Amino acid sequence: MPPMLVIEENAICVTLSNNIKAEELLFNVKDIRHKLKTHNIKELKIDIQALNKYDDYLIAAIKHLEKIINREGITLKFIGETEQFTDFYKKFNSISSAIKSTEVIKTNFIISLGIFCLSTINSIKTQLIYLGDIFISIGLIFLKPKTLRFNETVTLMKRVGVDAIPIIGLISFLMGLIMAFMSSIQLKQFGANIYVASLVGLAMARELGPIMTSIIVAGRTGSAFAAEIGTMKISEEIDALTVMGFNITRFLVLPRIVATVIVVPILTVFSNVFANLGGLLVGIFILNLTASSYIHQLNTTLSVNHVMHGILKSILFAFLVAEIGCFRGLTVKKGTEDVGRATTSAVVSGIFLIILADSFIAVLLTYV
Amino acid sequence: MMEKDKIIDVRDVKIQFGETLILKDINFSVYRGEIFAIIGGSGSGKTVLLKHLIGLLDAYTGNIMIENNNLKDIKERSYNVFLNKIGVAFQYGALLASMTLEENITLPIMEHKKIDESVAQDIARWKLSLVDLNGYEKYYPSDISGGMKKRASIARAIALNPAILFLDEPTSGLDPVTSTEIDELIKRLNKTLNTTMILITHDIETVFSITDRIILLDKVDKTIIAEGSPQDVYNTNKNERVIKFFERKRKGLNGN
């Protein structure tokens with residue numbers, strides 16, 4: 001039942017029935033305040049004689065009402081309060097007002113700058129240590145082949161490589177198709193139809209093959225590595241491995257990097273083959289070339305050098321993608337949110353590093 | 001004394017995941033206002049049974065009646081009303097990591113009650129004080145210890161003053177002092193709010209100090225092997241596996 005309002009000479013009396021709900025009282029707060037204001041009354045009485053069952057919600061609602069009217073200099077008085085009620089009300093009030101918040105260190109620009117510099121130096125340091133550890137581990141494989149967990153590596157090669165063939169095949173095929181189609185429109189004007197084969201073949205072998213493959217691997221595998229290792233970190237699996245005496249880099253990171261570095265060049269070859277198939281299809285059906293002339297043209301333009309150039313680049317990209325994926329996973333500190341952040345960051349920095357490395361190589365090969 | 005009003009009635013329930021039988025011939029009732037415990041060793045299906053009682057899992061045959069309504073009907077028609085009436089504290093807390101403790105508790109309040117946010121915050125602080133966590137309102141779950149997370153999750157479970165409170169291992173992994181505090185909290189909530197409590201536990205101390213009735217699930221028989229008040233089961237049940245389950249208690253009583 002909603003509360004009953006009676007306006008007395010110099011007070012307003014609100015009677016609460018036994019089964020009143022907190023919502024009903026809160027609903028009337030505005031009305032009570034309005035009446036107090038219009039009648040210029042400085043006292044509010046709450047009659048709780050009928051109230052013998054109340055919960056913390058009702059107490060919170062009364063407290064809310066008291067806070068609002070107190071602000072306007074109006075006092076609250078209970079009628080028929082029991083000792084039990086007063087105790088509960090006092091206790092509730094004392095807790096609500098004793099809010100402690102987390103301590104925050106006061107900062108200014110200098111302190112912020114210092115914190116930023118220190119954390120940057122720290123993060124560069126951890127990355128260098130991590131990279132060094134990886135290179136030492138890779139070196140160790142040649143001295144002590146047992147360093148590498150062979151079975152794990154093979155399973156990962158299947159996951160990173162074999163499982164990715166359909167998507168890489170499809171995307172490369174369509175890429176080849178689109179490239180051939182778009183260039184054919186221009187080349188047709190000069191009667192240079194046959195050079196579509198050279199264009200698709202060269203572009204895929206040297207640049208687009210390795211880049212496309214690595215970007216797909218970054219999205220598929222780099223993210224998976226980060227999520228996997230990040231989850232292991234928050235469920236204390238990494239701590240467990242550490243206290244059992246395992247080196248995390250050798251146990252978790254090394255198999256992932258080795259597996260990726262082995263399969264990505266193979267995927268790149270697949271990618272090249274499928275893209276050229278796409279080009280061939282356009283050549284035959286749109287440019288009226290024969291299959292043999294297309295393949296012959298491809299053969300004369302493409303040398304082993306070009307293909308090797310792409311494959312070597314893809315090895316570097318694979319290393320970068322796997323390395324950054326695992327690293328982001330290891331930086332997870334707490335909570336599921338951190339895992340999400342690490343996964344996103346693994347993909348973004350993976351792709352960024354691929355493009356950066358590719359530009360660097362392009363410049364290097366032109367001027368050196 | 002306790003009125004004999006069945007709040008939960010489970011009849012001929014059999015739980016099976018594909019080919020694997022988890023529990024069979026499960027029959028028991030929980031009366032309004034009592035503290036009821038489902039106990040049993042690891043892997044005896046306690047948590048699975050709990051998840052069926054709250055409608056999270058649905059791999060059973062037979063009838064689960066909640067306040068004389070079939071759970072299957074409730075799930076189809078009025079699951080939200082039902083969820084409003086129950087509170088669940090999960091074994092590992094299950095607090096939302098991206099929110100502070102206060103936000104974790106105001107979340108269900110704001111969803112189900114039409115009240116101002118400042119009132120909801122007051123209630124959240126009050127609930128936290130009930131589990132001895134006042135002052136930690138602005139902390140994130142990752143900033144506090146395991147026992148504190150557990151207490152915070154109980155605070156969240158009682159946020160809506162539920163009629164039935166399900167507690168999955170409320171005292172596991174806690175120190176004896178905190179465990180006793182949680183036992184007392186459960187008892188106090190049961191008294192003041194008349195909340196029916198359903199605990200899952202293998203903490204013998206909790207069972208003997210606060211529960212009115214227990215059922216004991218067995219991993220081998222895959223069913224209930226003992227039912228009644230803890231003292232009765234402890235004193236009179238002659239089943240070998242029941243005796244074995246209470247062995248630690250017996251040793252403790254003999255002063256070893």
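Quantities reported herein were computed from a predicted structural model and do not represent experimental measurements. Proteins get letters first, then strands, A, B, ... in listed order; numbering begins at 1 in each.
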Engineer: Are B:K127 and A:D56 close enough for a salt bridge, meaning some N to O gap below 4.0 Å?
Structural biologist: yes

Engineer: What residues of residues 149-163 of chain B make heavy-atom contacts with chain A at a cutoff under 4.5 angstrom?
Structural biologist: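 The residues closer than 4.5 Å to chain A, in numerical order, are B:A159, B:L160, B:N161.
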
Engineer: Evaluate A:E237 against A:S235 for side chain to side chain donor-acceptor pair (under 3.5 Å), listing each step before the verdict.
Structural biologist: CA-CA 6 Å; A:E237 281 175 58; A:S235 57; 3.1 Å; yes

Engineer: For the residue pair B:F82 and B:Y79, categorise the inter-ring angle as parallel (less than 30°), tilted (30 to 60°) or perpendicular (more than 60°).
Structural biologist: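 Ring orientation of B:F82 relative to B:Y79: parallel.
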
Engineer: Let's go through B:M148 and B:L101 carefully: what are the C-alpha distance in whole Å and the side-chain angles of both, what is the deciding distance for side-chain contact (heavy atoms from CB on, under 4.5 Å) to 0.1 Å, and is it a yes or a no?
Structural biologist: CA-CA 10 Å; B:M148 287 159 115; B:L101 297 191; over 6 Å; no

Engineer: Got more than 12 heavy atoms from elsewhere within 6.0 Å of CD, A:E83?
Structural biologist: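 No, because the 6.0 Å sphere around CD of A:E83 holds 12 heavy atoms or fewer from other groups.
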
Engineer: Just to be sure I understand the criterion: a residue of residues 22-46 of chain A counts if one of its heavy atoms is under 4.5 Å from a heavy atom of chain B. Which ones qualify?
Structural biologist: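 Answer by number: A:E23, A:L26.
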
Engineer: Using ring pair (Phe, Tyr, Trp, His ring centres under 6.0 Å) as the criterion, list what pairs up with A:F251, not counting sequence neighbours.
Structural biologist: A:F246

Engineer: For B:S118, is it the side chain, the backbone, both, or neither that has a heavy atom closer than 4.5 Å to a heavy atom of chain A?
Structural biologist: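 For B:S118, side-chain heavy atoms alone lie under 4.5 Å from chain A.
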
Engineer: Who pairs with A:F78 by ring pair (Phe, Tyr, Trp, His ring centres under 6.0 Å), at least two apart in sequence or on another chain?
Structural biologist: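 So A:F78 forms a ring pair (Phe, Tyr, Trp, His ring centres under 6.0 Å) with A:F85, A:Y89.
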
Engineer: Under the 6.0 Å and 45° cation-pi test, does A:K63 pair with A:F92?
Structural biologist: no

Engineer: If you measure from CG on A:L51 to CG on A:L16, what distance do you get to the nearest 0.5 Å?
Structural biologist: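 So the CG of A:L51 and the CG of A:L16 are separated by 6.0 Å.
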
Engineer: Taking NZ, NE, NH1 and NH2 as the nitrogens, is one of them in A:K90 or A:D87 under 4.0 Å from a carboxylate oxygen of the other?
Structural biologist: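 Result for this pair is no, no salt bridge flagged.
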
